[in-house]
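One structure is given here, and the rest of the page talks about it.
Atoms within each ligand, like the ligands themselves, are counted from 1 in listed order.
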Amino acid sequence: MVSRVIPVEPFDLVVFGGTGDLSQRKILPGLYRRFWAGQIPADSMIIGAARSEMDDAGFRDLARAAIMEFVAEDKRDPEMIEAFLARLGYVAIDAKGTGGWAELKKRVRKDVVQAFYFSVAPSLFGDLAQRLHDHKIADANSRIVVEKPFGRDLESAKALNAGLAKHFNEAQIYRIDHYLGKETVQNLMAVRFANILFEPLWKSEYIDHVQITVAETVSVDGRGAYYDKSGAMRDMVQNHMMQLLCLIAMEPPYHFDPDAVRDEKLKVIRALDPVPADDIVRGQYLAGNGQGGYLEHAEDAASKTESYIAMKVHISNWRWKGTPFYLRTGKRLRARASEIAITFREPPHSIFDDAEGWRENVLVIRLQPNEGMNLMVMIKEPGPGGMRLTQVPLDMSFAEALGEDGADIPDAYERLIMDVIRGNQTLFMRGDEVEAAWAWTDPIIQGWEKRGDKPKGYDAGSSGPEDALMLMHRDGRRWREIRE
Ligand SMILES: NC(=O)c1ccc[n+]([C@@H]2O[C@H](COP(=O)([O-])OP(=O)(O)OC[C@H]3O[C@@H](n4cnc5c(N)ncnc54)[C@H](OP(=O)(O)O)[C@@H]3O)[C@@H](O)[C@H]2O)c1
């Protein structure tokens, strides 16, 4: 299968924080890969902006090093790299200062798509928006891209939204949640809404429960003090996992249109029940395998921030009443694996006498690694031993099914930046969506803060705290094994 690369319109993209970690690891390599693929017109410009004094050549050197480090060798074509670097420029600017803005104004053209990527701390979003406006650099057609974290509670998210809304309307604002740019995450919508097969069964009548797992093996060593201010709930659940839950649970939008999709996701968030303390398990990884534990990495022996969370969530609407969604995410777990598992109910009646080996159907959507889908179905055990049943996977790896293209899926950032240039907001979070997510999250966090709950320790390389197993056991269910 050959994927089609449709070039975007010529653009000027200003990357504030262009010298930072995200820019070097994701944004610049991602832009290069799109250039290499023929999606970026040759007359586009990418302008880095940060406080460091540097000229265009210096920024090109930085970008060249980033490409050499983060782009696969088979795409590192020296001529292509030089052609890409020729499209790069740099302006030294302090988001809070006055210098550099006149120079930036001269560089940004009015007759091409104009986008400003705020790859800086959220505390600078308002300053950048204000100065782009004051210096008449951005106008009603410009787009701005903002990074996570979008606030740490409802109040701060509202303040960020208000700061941006002073000078930009909602249709100009692209809030990135890179999870939404992942191929498999978008496939969730394709699987649900482009096949007749699943949708009739997609409700509590036929679905027993849903498990959403985002497991990481990495610790927070090296950025523990920073991570300790957020924790798994703010860092993963409020944004990425809620987005996954929304895509699984939402009603079919009338059209694959940004606001139609986001309206449906918002309805799911608003239908989420508050989560009682008994349905939440929080954990901190312990020292092990020659590495320190969470408390050492967080540089605070008394920290009550969680590096793991598991919770049971209910959605109060007609479709999902009675089907719990179990979410879990954590650091330093046994494998790096993200998946959504939809467990169907048992058939209402068995015609087979021997029910041994009987299992429910499970649809597993693997987000990483080895993106794909797996449907566990019952078949007859082969051989002459009578009608015995066994469960087998109908397994589809996207990489295998799609051939070369399946193995060459663009990184989430590449896709999302191209969507910004195309002006397609479907995969970006709307302001009201972010606020609704915080409105659900805040009381949960306040609950454990008020109670003074201390997270349970769990072994490094394990599946999380024992209590998380109990969260499902007491409902007569089991977590799926965490494995790559
Ligand atoms: N890194 C990641 O993997 C990642 C993932 C998700 C989200 N994010 C988010 O992306 C944003 C950037 O993260 P990062 O990891 O790239 O941070 P970083 O490595 O600390 O880079 C910050 C960038 O902002 C610039 N900067 C700082 N203060 C500035 C100012 N007053 N005016 C203009 N530029 C200024 C810095 O350059 P100068 O010091 O030269 O000014 C640098 O280029 C943050 O909001 C972060 O939460 C990052």
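Against a heavy-atom cut-off of under 4.0 Å, L124 is close to the following atoms of ligand 1: 28 (N), 29 (C), 30 (C), 31 (N). When each atom of ligand 1 is checked for a heavy atom of D94 under 4.0 Å away, the hits are 30 (C), 31 (N), 32 (N). Atoms of ligand 1 lying under 4.0 Å from at least one heavy atom of V120, given by number and element, are 11 (C), 12 (C), 24 (O), 44 (C), 45 (O). Close approach of ligand 1 to K148 (heavy-atom distance below 4.0 Å) involves ligand atoms 7 (C), 8 (N), 9 (C), 45 (O), 46 (C), 47 (O). Numbered from 1 in the order shown, with element, the atoms of ligand 1 that lie under 4.0 Å from a heavy atom of P149 read 47 (O). Close approach of ligand 1 to S52 (heavy-atom distance below 4.0 Å) involves ligand atoms 38 (P), 40 (O). Atoms of ligand 1 found under 4.0 Å from any heavy atom of G20 (numbered from 1 in listed order, with element): 16 (O), 19 (O), 21 (O), 42 (C), 43 (O). Atoms of ligand 1 found under 4.0 Å from any heavy atom of A50 (numbered from 1 in listed order, with element): 34 (N), 37 (O), 38 (P), 40 (O), 41 (O), 43 (O).
With distances taken over non-hydrogen atoms, the option nearest atom 39 (O) of ligand 1 out of R51, K26, H178 is R51. The option with the heavy atom closest to atom 18 (P) of ligand 1, from among T19, D21, I27, is D21.
Considering only non-hydrogen protein atoms, atom 32 (N) of ligand 1 sits nearest to A95 N, 2.8 Å. Protein heavy atom at the shortest distance from atom 25 (C) of ligand 1 is G17 CA, 3.8 Å. Among protein heavy atoms, atom 7 (C) of ligand 1 sits closest to E147 OE1, 3.1 Å.
Applying side chain to side chain contact (heavy atoms under 4.5 Å, CB included) to S338 and the options Q368, E371, K182 leaves one that passes, Q368.
Only the backbone of I93 comes within 4.0 Å of ligand 1, judged by heavy-atom distances.
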